[in-house]
There are 2 protein chains.
Amino acid sequence: MQIGELAKRTGCESETIRYYEREGLLPAPARSSSGYRRYEQPHLEQLAFILHCRSLGMPLADIRLLAGFHQQPAAEPCDRVNALIDQQISRVHSQIEALQKLEIQLQQLRARCDSPHTLADCGILKTLDDAATGEACACHDAS
Amino acid sequence: MQIGELAKRTGCESETIRYYEREGLLPAPARSSSGYRRYEQPHLEQLAFILHCRSLGMPLADIRLLAGFHQQPAAEPCDRVNALIDQQISRVHSQIEALQKLEIQLQQLRARCDSPHTLADCGILKTLDDAATGEACACHDAS
DNA sequence: TGCAAACCCTGTAGCTACTATAAGGTCAAG
DNA sequence: CTTGACCTTATAGTAGCTACAGGGTTTGCA
Ligand SMILES: [Zn+2]
Ligand SMILES: [Zn+2]
Ligand SMILES: [Zn+2]
Ligand SMILES: [Zn+2]
């Protein structure tokens with residue numbers, strides 16, 4: 001199958017497929033006489049593997065490692081697989097925590113302007129300006 | 001003051017300050033005879049304003065707009081300020097939701113390997129491989 | 001046969017918000 | 001007069017694509 005059909009079947013754009021090939025995530029496929037890439041079933045599965053991992057937010061470097069375990073002796077322990085997943089869980093978890101703090105801060109700032117104002121009287125702008133001169137702000141210094 | 005001192009006082013690297021200048025977020029300061037940037041108090045406040053907004057996750061384009069409201073007639077309504085903050089809140093909120101889903105999916109995948117295994121028997125690798133061939137997976141198809 | 005649409009190819013640049021060099025000029029202390 | 005700490009510009013790198021530009025190929029139809 002050509003790249004366009006692989007794209008259609010996986011829901012991944014042709015350009016992304018070529019990008020994965022350049023990055024060494026997908027093996028270079030055979031070419032037709034005119035230079036078109038020709039993919040077989042294993043490529044489709046490899047790409048599906050990559051996209052599945054991407055949908056879990058895994059970085060490409062980790063996916064490369066995960067895919068590489070298929071080339072390793074099957075009797076090896078799987079602790080490095082676990083470590084990759086655990087790492088990703090903790091990355092995601094700390095991102096959630098940081099974003100939750102951010103949301104609270106933003107809502108405290110937003111609360112400074114509840115009724116329609118002019119720019120001159122806007123509690124949001126005032127808070128931001130005051131904070132820039134070193135004063136306490138609703139978003140960062142709330143108790 | 002020179003760029004290094006501004007950097008020290010704000011906790012922002014000199015290179016980032018120059019970057020903000022290139023991006024039009026900080027006005028170009030006066031130069032000494034040898035070409036060194038010389039900053040005054042207003043630059044420090046402007047930079048503090050930017051850094052405060054950045055700490056709330058605001059994109060530079062939005063900060064540019066927020067800062068631009070200072071040049072606008074003060075009698076204008078502040079609804080565009082609110083809109084920027086609301087937009088940021090909803091961006092943050094939807095990121096949180098997406099990451100929370102991700103965390104659950106990752107934990108479901110992780111649960112497939114609870115005791116030490118070999119690569120051949122690893123429930124995580126098996127799940128990923130099966131998903132690549134179209135089968136249901138713990139992470140995406142759990143009820 | 002001729003032509004147009006729909007494919008495909010490579011290579012390059014753009015996106016965000018920095019960060020990190022390289023290669024050089026300036027200034028104050030000792 | 002030299003050392004070290006500053007400063008300058010310009011360029012490239014980061015992650016994961018996405019969007020061209022400028023070309024070649026294949027297929028179908030009149
Ligand atoms: Zn307001
Ligand atoms: Zn604040
Ligand atoms: Zn395992
Ligand atoms: Zn899954």
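Below, read A as the first sequence line, B as the second, and so on, with proteins coming before strands; counting in each chain starts at 1.
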In short, B:I50 meets B:L25 closest at the heavy-atom pair CD1-O, 3.6 Å

Stepwise side-chain contact (heavy atoms from CB on, under 4.5 Å) test for A:Q100 and B:I96: CA-CA 7 Å; A:Q100 281 172 338; B:I96 290 171; 3.9 Å; yes

In short, B:G4 meets B:S14 closest at the heavy-atom pair CA-OG, 4.1 Å

Tell me whether the count of non-hydrogen atoms from other residues, nucleotides or ligands lying under 6.0 Å of CZ in B:R112 goes above 12. no

Numerically ordered, the residues 83-90 of chain A set in heavy-atom contact under 4.0 Å with DNA chain D is none

Hey, does B:L66 have a side-chain heavy atom less than 4.5 Å from the side chain of B:F49? yes

Between A:L47 and A:C12, the two heavy atoms sitting closest are CD1-SG, 4.3 Å

query = So what does A:E23 hit on the nucleic acid, given a heavy-atom distance under 4.0 Å: a base, only sugar-phosphate, or nothing?
reply = nothing

Notebook entry, point to check: Do other residues, nucleotides or ligands put more than 12 heavy atoms under 6.0 Å from the CD atom of B:Q72?
Noted result: yes

Quiz item: Are B:L109 and B:L128 close enough that some pair of their side-chain heavy atoms sits under 4.5 Å apart?
Solution: yes

In numerical order, the residues of residues 4-19 of chain B whose heavy atoms come under 4.0 Å of DNA chain D are B:G4, B:R18

Between CD1 of B:I3 and P of C:dT26 the distance, given in whole Å, is 17 Å

Side-chain donor-acceptor pairs of residues 129-139 of chain A under 3.5 Å, sequence neighbours excluded:
residue	atom	partner	partner atom	Å
A:D129	OD1	B:H70	NE2	2.7
A:D129	OD2	B:H70	NE2	3.0
A:T133	OG1	A:D130	O	2.9

Taking only side-chain nitrogens and oxygens of B:Y20, does any of them come within less than 4.0 Å of OP1 or OP2 of C:dA17? no

Salt bridge (charged side-chain N to carboxylate O under 4.0 Å, His left out) pairs touching residues 37-64 of chain B, sequence neighbours excluded, are B:E21-B:R37, B:D62-B:R91

Note: for A:Q2 and A:R22 on DNA chain D, the residue whose nearest nucleotide lies more 5' is A:R22

Is a salt bridge present between A:K101 and A:E97, judged by a nitrogen-to-oxygen distance below 4.0 Å? no

Next on the checklist: I'd like to know whether B:L84 forms a side-chain contact (heavy atoms from CB on, under 4.5 Å) with B:F69, so could you lay out the CA-CA distance, the side-chain angles of the two residues, the decisive distance to 0.1 Å, and finally the verdict.
Outcome noted: CA-CA 12 Å; B:L84 287 175; B:F69 288 127; 4.1 Å; yes

Expected list for residues 27-50 of chain A near DNA chain D, using heavy atoms below 4.0 Å, is A:S34, A:Y36

Nearest heavy-atom contact between B:Q46 and B:P27 is CG-CD, 4.3 Å

Chain A reaches DNA chain D, atoms under 4.0 Å from its heavy atoms, from D:dG16 to D:dT26

